[in-house]
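Down below is the structure, laid out as structure tokens.
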Amino acid sequence: MSKKATLEINGNKYEFPIIEGTENELGIDIKTLRGATDGITTIDPGYKNTGSCQSAITFLDGEKGILRYRGYSIEELAEKADFLEVCYLLIFGELPTAEQLEKFDKDIKEESQVDEDMKKILDGFPKSAHPMGVLSSLTSALIAFNPGSVDVDSEEEMYGAIVKILAKFPVLAAWTMRKRKSLPLDYGDNSLGYVENLHKMMFAKPNQAYEANKIVNDALDKLLILHADHEQNCSTSTVRIVGSSHAGLFASLSAGISALWGPLHGGANQAVIEMLEAIKADGGDTAKYIAKAKDKNDPFRLMGFGHRVYKNFDPRAKIIKKSAEEVLGDLGIEDPVLDIAKGLAEVALKDEYFVQRKLYPNVDFYSGIIYRALGIPTEMFTVMFALGRLPGWIAQWREMRLRKEPIGRPRQIYIGENYRKFKAISER
Ligand code: CMC
């Protein structure tokens, strides 16, 4: 029998169907609420209790610490798949066959040129500009050079826009870093794999043959996979809501990049390393910073801790912590901030404040330590997150368009002034 929810308002009863997901999650379908109740709405700041869509892409159980892309566990994908396979899986729903993967790779490579005039736009930014702002602007600027990728309705047109952005985004991301480092811009090498090529585009020296490093490549690949999707988070919801106006894929992604930039979201990876560095410079007193994080009169928060959905270990953080230890070991790097991070986590995980609120290390807590070991500058960390999240944003945007979702337009409860008569300036 189908499940129903009954709502009683001032003695009147209203029934709403309950939707059940494939993992038995229940959601009250309130689509008819306003019509049935003569305009009553719901209020849920931060959407803590609101499902914005039905999605078949990513399953997340925050209580049990489970994360799956299209049904496959994050642990298995991080271990056995490569990033391009995961891109295909997220966007099109199935792991690719060898032929499908080869075609996907070839189609992406064919689009890996960026219009030379894009360099003029990059040129206009000061060197000190934050790479996330530059990346968001360049992604938006791409629209002008690829106007055919805006108004895409058919699956075929979407495919064209998708391979274009998968190809050009790493070029732009690498350019934002090269500009800061005063290195000539690089177009990469299409004979390399997707992730190797990204690394080459970021680090190749103009007077030196590029040498790939398997440890570095594998570590990057894994990090990109771990960041590839996370259902309806802030940036993904942004991408879906911008896309719901049919603004186009690149415009939606540009907005998503801006949403990711904030320190409560993807920007936390940069904030974590800055926090760990500050603790180190202050003598490494972790207890002092745990106390600050608990003090309600102190705005300090333990960056890289806590999550809206995970009330248990973030499975990504578990994998990244292990990977950080391995990568640093393999590369022969000792980084004192890894010890500070481990010390902080150890204390916090036993502390009543964190235990009660179910605050655990999240994906951003250890990732920066690996990025640093790979020679990636701190201000590029969130760009690395964006590179990983790109297929997730694309998959969610594509799903939203294929399901023909309506334009995103929440309601509000107005709490401002009632009608007032206009006052002439002399009377105010
Ligand atoms: N340090 C200290 N206290 C915290 C922290 C923290 N990092 N996170 C949450 N709390 C406390 C918070 O003060 C509140 O306490 P109380 O109930 O006494 O008022 C309680 O825990 C619940 O927190 P909240 O802010 O209501 O939870 P939220 O779901 O709105 O926010 C969050 C989630 C991730 C924004 C938050 O935990 C946070 O600011 N963490 C630090 C920033 C961070 O690491 N962000 C990355 C998130 S994961 C990757 C991503 O999304 O990109």
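The structure presented is a predicted model; accordingly, all values stated were derived computationally and were not measured. Just so you know, ligand 1 is whichever comes first in the structure, and atom 1 is the first atom listed for that ligand.
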Exercise for the section: Determine, for Asp351 against Lys294, whether the closest basic-nitrogen to carboxylate-oxygen distance falls under 4.0 angstrom. Expected result: yes
Exercise for the section: Below 4.0 Å from any atom of ligand 1, which residues have a heavy atom? Give them in chain and number order, please. Expected result: Lys48, Pro263, Leu264, His265, Gly266, Ala268, Ala293, Lys296, Arg301, Leu302, Met303, Gly304, Phe305, Gly306, His307, Arg308, Tyr353, Arg357, Leu359, Asn362, Val363, Asp364, Phe385
Handout entry: Ring centres under 6.0 angstrom apart (Tyr360, Phe305)
Key = no
Practice task
Decide whether a cation-pi geometry holds between Arg357 and Tyr353; the criteria are a distance under 6.0 Å from NZ or CZ to the six-membered ring centre and an angle within 45° of the ring axis.
Solution key: yes
Exercise for the section: Look at atom CD of Gln356 and say whether more than 12 heavy atoms of other residues, nucleotides or ligands are closer to it than 6.0 Å. Expected result: yes
Handout entry: Passing option when Arg68 is tested against Glu231, Glu23, Glu75, Glu76 for salt bridge (Lys or Arg N to Asp or Glu O under 4.0 Å)
Key = Glu23
Practice task
Decide if atom CG of Asp189 counts as having more than 12 heavy atoms of other residues, nucleotides or ligands within a radius under 6.0 Å.
Solution key: yes
